[in-house]
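The model shown is predicted, which means the values in this text are computed figures rather than measured ones.
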Amino acid sequence: QTLSLALQNQRLSHAYLFSSLRGSGKTSTARIFAKALLCEKGETSHPCGTCPHCIMAAENRHMDIIEMDAASNRGVDDIKDLIEHTKYKPSSARYKIFIIDEVHMLTKEAFNALLKTLEEPPSYVKFILATTDANKVPATILSRAQHFRFRSISQKDITNHNNENMLS
């Protein structure tokens, strides 16, 4: 709901941190949020799903959405490569979005390299960080991102939500 309101009111941050247990939808939410930011209809909580940006985002092939798994790419050189991409404007969308999954796995040096870009990102850059262990993310990084703590949703709430969407 908070992310939807931010989109509707165009009150967007440059960095988000999604944290919770494994399987809670952090990375999926990051991808959906990225699509919402890039939709040709505008920054909206209800992306159209039919414009080229929505289609490419849904197929995980949008050139302006760059995903990195920090569990496998955790070093300073990996982050420097990612930061190099922030120097170039988006190829076709309004933003260039960087999704860093399992961000807590980055090395201390990698976090330090990321910090400078998080402090002063270009206006067209958005970061979405996801982690299963927010306690391992340095306070300097936490202070520069809006932190969303995901929690489990009951099966009943999921069923009710699906039923409501089917009716509308």
Side-chain angles (χ1 to χ4, degrees), residues 1-7 9 11-39 43 45 47 56-88 90 93-155 157-158 161:
Q1 186 175 5
T2 304
L3 290 173
S4 292
L5 288 172
L7 286 162
N9 296 319
R11 296 186 50 88
L12 300 170
S13 176
H14 66 282
Y16 298 88
L17 175 65
F18 298 163
S19 68
S20 187
L21 301 174
R22 221 174 125 238
S24 63
K26 298 175 300 293
T27 305
S28 296
T29 301
R31 291 176 181 147
I32 293 166
F33 190 56
K35 180 167 67 170
L37 288 168
L38 301 184
C39 180
E43 298 158 349
S45 59
M56 288 187 292
E59 295 173 352
N60 291 327
R61 61 180 183 87
H62 201 295
M63 290 192 56
D64 293 322
I65 301 173
I66 299 165
E67 281 193 51
M68 184 179 109
D69 178 16
S72 307
N73 306 289
R74 55 190 306 262
V76 68
D77 290 336
D78 299 310
I79 288 297
K80 284 182 180 178
D81 288 343
L82 184 135
I83 291 168
E84 186 65 28
H85 288 285
T86 67
K87 295 177 182 175
Y88 305 103
R94 76 177 59 83
Y95 297 113
K96 188 171 264 194
I97 301 170
F98 296 89
I99 299 172
I100 305 177
D101 201 11
E102 295 301 333
V103 72
H104 70 275
M105 299 290 284
L106 292 177
T107 64
K108 180 182 176 186
E109 295 78 16
F111 274 124
N112 288 337
L114 180 61
L115 183 60
K116 176 70 174 151
T117 304
L118 278 179
E119 287 175 336
E120 299 172 12
S123 60
Y124 52 83
V125 169
K126 301 286 183 199
F127 285 97
I128 307 172
L129 314 174
T131 183
T132 53
D133 195 349
N135 293 328
K136 290 184 179 175
V137 177
T140 53
I141 300 292
L142 288 171
S143 69
R144 285 156 180 86
Q146 281 191 5
H147 190 175
F148 291 86
R149 292 170 185 85
F150 287 38
R151 57 182 168 78
S152 297
I153 301 172
S154 71
Q155 188 65 40
D157 288 342
I158 293 171
H161 180 76

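The side-chain heavy atoms of Phe18 and Thr27, taken from C-beta on, include no pair separated by under 4.5 Å. Considering only heavy atoms from C-beta on, Leu12 comes within 4.5 Å of Leu37 through its side chain. Residues Lys96 and Ile66 meet the side-chain proximity criterion, which asks for heavy atoms closer than 4.5 Å. Looking at heavy atoms from C-beta onward, Val125 lies out of side-chain contact with Thr117 at the 4.5 angstrom threshold. The side-chain heavy atoms of Leu106 and Ile141, taken from C-beta on, include no pair separated by under 4.5 Å. Side-chain atoms of Leu82 and Phe127, non-hydrogen and from C-beta on, do get closer than 4.5 Å to each other. Using a 4.5 Å heavy-atom cutoff, the side chains of Phe148 and Thr29 are not in contact. Looking at Phe111 and Val103, their side chains come closer than 4.5 Å, going by heavy atoms from C-beta outward.
Listed by chain and number, the residues in a salt bridge (charged side-chain N to carboxylate O under 4.0 Å, His left out) with Arg144 are Glu119 (sequence neighbours excluded). The salt bridge (charged side-chain N to carboxylate O under 4.0 Å, His left out) check on Lys108 picks up nothing, with sequence neighbours excluded.
Closest non-hydrogen pair, Ala130 versus Lys26, comes out as CB-CB, 4.1 Å. The two atoms that bring Ala36 and Leu7 nearest to each other are CB-CD1, 3.7 Å, heavy atoms only. In terms of heavy-atom proximity, Tyr124 sits nearest to Pro90 at CD1-CD, 3.6 Å. Between Pro122 and Thr86, the shortest heavy-atom distance links the atoms CG-O, 3.5 Å. Considering all non-hydrogen atoms of both residues, Tyr95 and Ser123 come closest at CE2-O, 4.0 Å. When all heavy atoms of Ile100 and Ala70 are compared, the closest pair comes out as CG2-CB, 4.0 Å.
Sequence neighbours left out, the pairs with a member in residues 56-72 that pass salt bridge (Lys or Arg N to Asp or Glu O under 4.0 Å) are Arg31-Glu67, Glu59-Arg61.
The aromatic rings of Phe33 and Tyr16 sit perpendicular to each other, their planes meeting at more than 60°, with 30° as the lower class boundary.
Within the model, atoms NE2 of His147 and CG of Leu142 stand 6.5 Å from one another, a figure rounded to the nearest 0.5 Å. Separation of atoms CE (Met68) and CG (Asp81) is listed at 9.0 Å; rounding is to 0.5 Å. Distance check, rounded to the nearest 0.5 Å: CD of Glu120 to CG of Leu115 gives 10.0 Å. Taking CG of Asp101 as the reference point, atom CD1 of Ile128 lies at 11.0 Å (rounded to 0.5 Å). To the nearest 0.5 angstrom, Asp133 atom CG is 11.5 Å from Ser20 atom OG. Atom NE2 of His14 and atom CG of Leu118 lie 5.5 Å apart (nearest 0.5 Å).
In this structure a side-chain-to-backbone donor-acceptor pair under 3.5 Å is present from Arg94 to Cys39. Here the side chain of Asp78 pairs a donor or acceptor atom with the backbone of Gly75 at under 3.5 angstrom.
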Apply the test salt bridge (Lys or Arg N to Asp or Glu O under 4.0 Å) to residues Glu84 and Lys80: give CA-CA distance (whole Å), side-chain angles for both, the deciding distance (0.1 Å), then the verdict. CA-CA 6 Å; Glu84 186 65 28; Lys80 284 182 180 178; over 6 Å; no

